Amino acid sequence: MSVCARKTVLLNSGHHIPLIGLGTYTITDASILHNSLDYALSSGYRLIDTATVYRNESQIGESLKVLLPKYNLTRKDIFVTSKFIPEAREEENYVLATVEASLSKLQLDYIDLYLIHWPAARGVSMHSPENAKYRDIAWKGLVSAQKKGLLRSIGVSNYLERHLSELLEKSHGIPPAVNQVEWHPHHHSAELLSFCQQHNIFLQAYSSLGGGTGSLTLDPVVQSVAQKLGQTGSQILLRWATQKDIGVIPKARSQHHVEENIALDFSIPEDDMRILSSMSVREKYAWNPANIN
């Protein structure tokens with residue numbers, strides 16, 4: 001197993017999270033997902049990232065029943081993340097029901113990390129001030145689920161500094177352990193990273209390789225660094241993040257890409273890191289929380 005594959009980060013919850021994980025967004029076919037997980041566990045991945053809206057928690061649960069014994073692994077050897085989108089509901093008990101549904105589908109006794117997937121409530125206008133209330137209700141529900149032992153760590157996704165500030169002021173005793181956001185050389189915020197580091201919130205990147213077109217991996221600047229170091233564009237983008245101790249969860253279906261994405265035992269020279277961090281192109285490939293109140 002590579003050094004990068006073994007590296008973990010200590011969360012403010014007291015639990016360690018692997019720096020590199022396998023994303024499963026859009027992979028719902030049971031056979032394809034099983035193979036992807038098989039390649040991942042064989043290659044040294046120990047973090048599996050899913051969400052209720054990915055509609056693949058059940059497939060992951062079924063596969064883990066087979067694959068953990070295959071690789072002589074136990075539940076404690078892997079780290080599973082899932083997420084949910086808040087509802088426009090006044091009571092928090094729906095959160096516990098959502099967590100329990102995820103546990104049932106994943107066939108687990110606990111989930112390592114559970115995130116609020118989006119800072120707006122389902123069915124509520126992004127501009128509505130009601131979102132703050134529903135975020136608070138959702139967080140209270142996660143706190144309750146963690147205290148019951150169903151969740152090891154809790155966090156958020158797509159939160160900006162103002163959303164995080166609001167949460168930290170009203171965290172109900174447990175601050176977020178993770179903020180999972182879109183993060184790559186075309187879209188990153190030094191202010192958000194600094195805020196998370198200041199408050200001991202682990203920043204984890206999604207869409208590290210850009211959009212589905214692969215345009216970011218083929219960016220001339222990325223390719224120039226890749227050719228210089230004898231790596232692929234994907235490896236440069238992932239190493240750019242992990243070299244800053246930012247987590248990555250790239251999605252991959254094929255064995256080649258699964259293995260490529262974790263083969264990050266190299267360093268990018270500081271001059272090239274600065275070039276990648278100061279690229280002139282600014283483009284966001286995924287959903288944008290900027291207008292959410």
Side-chain angles (χ1 to χ4, degrees), residues 4 7 9 11 17-23 25 47 49 81 83 113 115-119 155-165 167-168 176-226 228-229 231-252 261-262 264 266-292:
C4 275
K7 185 167 184 180
V9 174
L11 299 176
I17 184 171
L19 192 62
I20 304 172
L22 180 74
Y25 176 55
L47 188 161
D49 182 272
T81 299
K83 325 173 192 75
L113 175 65
L115 308 177
I116 295 178
H117 204 161
W118 184 238
V156 295
S157 181
N158 296 296
Y159 271 43
L160 303 179
E161 294 101 301
R162 54 191 170 82
H163 302 129
L164 291 170
S165 293
L167 175 53
L168 289 168
V178 171
N179 186 23
Q180 187 185 106
V181 297
E182 181 178 355
W183 193 273
H184 47 71
H186 283 179
H187 182 82
H188 58 100
S189 165
E191 293 77 17
L192 179 59
L193 178 59
S194 176
F195 185 95
C196 288
Q197 291 173 336
Q198 178 184 349
H199 294 281
N200 198 20
I201 300 169
F202 178 58
L203 193 72
Q204 188 180 56
Y206 71 78
S207 293
S208 296
L209 309 182
T213 63
S215 59
L216 181 52
T217 61
L218 299 176
D219 184 288
V221 175
V222 175
Q223 281 298 308
S224 175
V225 177
K228 172 183 174 181
L229 299 180
Q231 308 294 335
T232 67
S234 296
Q235 289 171 319
I236 293 301
L237 292 168
L238 295 169
R239 185 58 185 146
W240 172 80
T242 59
Q243 199 159 307
K244 297 170 179 282
D245 281 336
I246 294 170
V248 294
I249 46 170
K251 176 187 64 181
N261 290 344
I262 203 170
L264 305 180
F266 64 95
S267 294
I268 301 175
E270 283 307 308
D271 286 347
D272 292 315
M273 286 290 288
R274 282 192 289 270
I275 289 170
L276 291 166
S277 297
S278 58
M279 289 170 63
S280 60
V281 177
R282 285 290 177 265
E283 184 173 358
K284 198 174 193 310
Y285 297 95
W287 44 1
N288 193 344
N291 294 322
I292 297 176

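Everything quoted here is computed from the prediction, not taken from an experiment.
In this structure, I201 and V178 approach most closely via the heavy-atom pair CG2-C, 3.7 Å. Residues S234 and N261 come closest through the heavy atom pair CB-OD1, 4.1 Å. Annotation for E182 and H187: closest pair O-CD2, 3.6 Å, computed over non-hydrogen atoms. Taking all atoms of both residues into account, the shortest heavy-atom contact from S157 to Y206 is OG-CE2, 4.3 Å.
Side-chain N or O atoms of R282 include one that pairs as donor or acceptor with a backbone N or O of P185 at under 3.5 Å. A donor-acceptor pair under 3.5 Å links the side-chain atoms of R239 to the main chain of F266, judged by distance alone. Side chain of T242 to backbone of L238: a donor-acceptor contact under 3.5 angstrom is found. Between the side chain of H163 and the backbone N or O of L160, at least one donor-acceptor pair lies under 3.5 Å. Between the side chain of H188 and the backbone N or O of S277 there is at least one donor-acceptor pair closer than 3.5 Å.
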Practice item. Check step by step if side-chain contact (heavy atoms from CB on, under 4.5 Å) holds for E270 and Q243. Key: CA-CA 10 Å; E270 283 307 308; Q243 199 159 307; 3.9 Å; yes

Exercise for review: Could you walk me through whether C196 and L192 pass side-chain contact (heavy atoms from CB on, under 4.5 Å), step by step?
Suggested key: CA-CA 6 Å; C196 288; L192 179 59; 4.1 Å; yes

Check your understanding: Can you list the steps and then say if H184 with L216 is a side-chain contact (heavy atoms from CB on, under 4.5 Å)?
Key -> CA-CA 9 Å; H184 47 71; L216 181 52; 3.6 Å; yes

Exercise for review: Test I17 against Q204 for side-chain contact (heavy atoms from CB on, under 4.5 Å), laying out the working first.
Suggested key: CA-CA 10 Å; I17 184 171; Q204 188 180 56; 3.8 Å; yes

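Side chains of E161 and S189 form a contact here, defined as non-hydrogen atoms less than 4.5 Å apart. Counting heavy atoms from C-beta on, the side chains of V222 and T217 never come closer than 4.5 Å. A 4.5 Å side-chain heavy-atom check between V156 and L164 finds at least one atom pair inside the cut-off. Contact check for P176 versus L168: side-chain heavy atoms found under the 4.5 Å cut-off. Put simply, the side chain of Y159 does not reach to within 4.5 Å of the side chain of P289, judged on heavy atoms. Using a 4.5 Å heavy-atom cutoff, the side chains of V225 and W240 are not in contact. Residues N158 and H117 form a side-chain contact, since some pair of their non-hydrogen atoms from C-beta on lies under 4.5 Å apart. Between Q180 and D49, some side-chain heavy-atom pair lies under the 4.5 Å cut-off.
Rounding to the nearest 0.5 Å places NZ of K7 at 4.0 Å from CG of D245. Between D271 atom CG and L276 atom CG the span is 11.0 Å, to the nearest 0.5 Å. A distance of 12.0 Å separates OG of S208 from NZ of K251, quoted to the nearest 0.5 Å. With rounding to the nearest 0.5 Å, the separation of OG in S224 from CD1 in I236 is 10.0 Å. Here the CG-CD1 distance, from L167 to I116, works out to 7.0 Å after rounding to the nearest 0.5 Å. A distance of 10.5 Å separates CG in L193 from CG in N179, rounded to the nearest 0.5 Å.
For the pairing with L47, the side chain to side chain contact (heavy atoms under 4.5 Å, CB included) check across L113, L22, I249 returns one residue only, I249.
Classification of the H186-Y285 ring pair by plane angle, with boundaries at 30° and 60°, yields parallel.
Using modelled atom types, one finds no donor on one side chain facing an acceptor on the other under 3.5 Å when comparing R162 with S165.
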